[in-house]
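Counting starts at 1 for both ligands and their atoms, following the listed order. Starting from 1, each residue takes its place in the sequence as its number.
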Amino acid sequence: MNVPAMQRLIAELRQSGITDERVLAAIAAVDRERFVSPTFAERAWENTALPIAFGQTISQPLVVAAMTEALAVGPRMKVLEVGTGSGYQAAVLAKLARRVYSIERYKPLSKESERLLIDLRIHNVVCDVGDGSKGWPAQAPFDRIIVTAAAEERPQALIDQLAVGGILIVPVGRDPTAQVVERIVKTDHGLQRDTLMPVRFVPLVAGALPVLGQG
Ligand code: SAH
């Protein structure tokens, strides 16, 4: 791992307001370079989103850090991630949670992430291929749910699969220039909602897989 570059990123995340030491340690422990193509290896520790296959992106580290911090993951928790992509966010969550279930609609992305995580000796992530907007009913309820693609509306299926006391972090917005990350907390008395920050995510696409991704 390029330790000086990693340390510069961690310093930048601190300056940007990330204070949770467990989150910073998890980000420091996951070599982001492994999750990007060789073309972008030199930029892996920059605080920027980068392209991955199928026109998708590995999220900006500050966004990963802020959303992970807001998720408030504890070591005994079961977490659902929607949008495995490169597997990077799943790897960071794996350092913080008991088990991570991550669902991706592009089979090749899911399979590649699965292989990479094993290669990195991360064994508490379970990957699956499918429409994550429907959640993962067989494994519900989840203590925490994080969506790493932008939903047009608050995803009710995911709220339904949240345990009481659970937190859902989801970027919401139809217009890509007007997405915000929402935090939804499920309590005994109902849902509490607040807005965290503006973001730009690729869309959460419901429904069948495109033929291209079924290889
Ligand atoms: N968490 C990822 C970010 C990936 S970008 C990372 O750390 O790299 C968002 C991903 O969500 C894309 O790979 C996209 O294919 C996936 N996605 C979009 N809609 C989805 C859906 N309905 N179900 C599952 N995955 C979805």
**Asked** Should Leu204 and Phe54 be regarded as members of a common hydrophobic cluster, given that ILVMFWY residues are connected when their side-chain heavy atoms come within less than 4.5 Å of each other, either directly or indirectly?
**Response** no
**Asked** Quick one: do Ile159 and Met77 end up in the same hydrophobic cluster if we chain Ile, Leu, Val, Met, Phe, Trp and Tyr together by side-chain heavy atoms under 4.5 Å apart?
**Response** no
**Message:** Do the side chains of Glu21 and Arg14 get close enough for a salt bridge, i.e. N-O under 4.0 angstrom?
**Reply:** yes
**Candidate pair Thr84 and Tyr101, rule side chain to side chain contact (heavy atoms under 4.5 Å, CB included), full reasoning** = CA-CA 9 Å; Thr84 314; Tyr101 295 84; over 6 Å; no
**Item:** Proximal protein residues to ligand 1, non-hydrogen atoms under 4.0 angstrom
**Value:** Gln56, Thr57, Ile58, Ser59, Glu81, Gly83, Thr84, Gly85, Ser86, Tyr88, Gln89, Ile103, Glu104, Arg105, Tyr106, Leu109, Gly130, Asp131, Gly132, Ser133, Thr148, Ala149, Val202, Pro203, Leu204, Val205
**Message:** Is it true that Gln89 and Thr68 share a donor-acceptor pair across their side chains at a distance under 3.5 Å?
**Reply:** yes
**Request:** Output, in order, the C-alpha distance, side-chain angles, deciding distance and verdict of side chain to side chain contact (heavy atoms under 4.5 Å, CB included) for Ile118 and His123.
**Result:** CA-CA 6 Å; Ile118 297 295; His123 296 293; 3.8 Å; yes
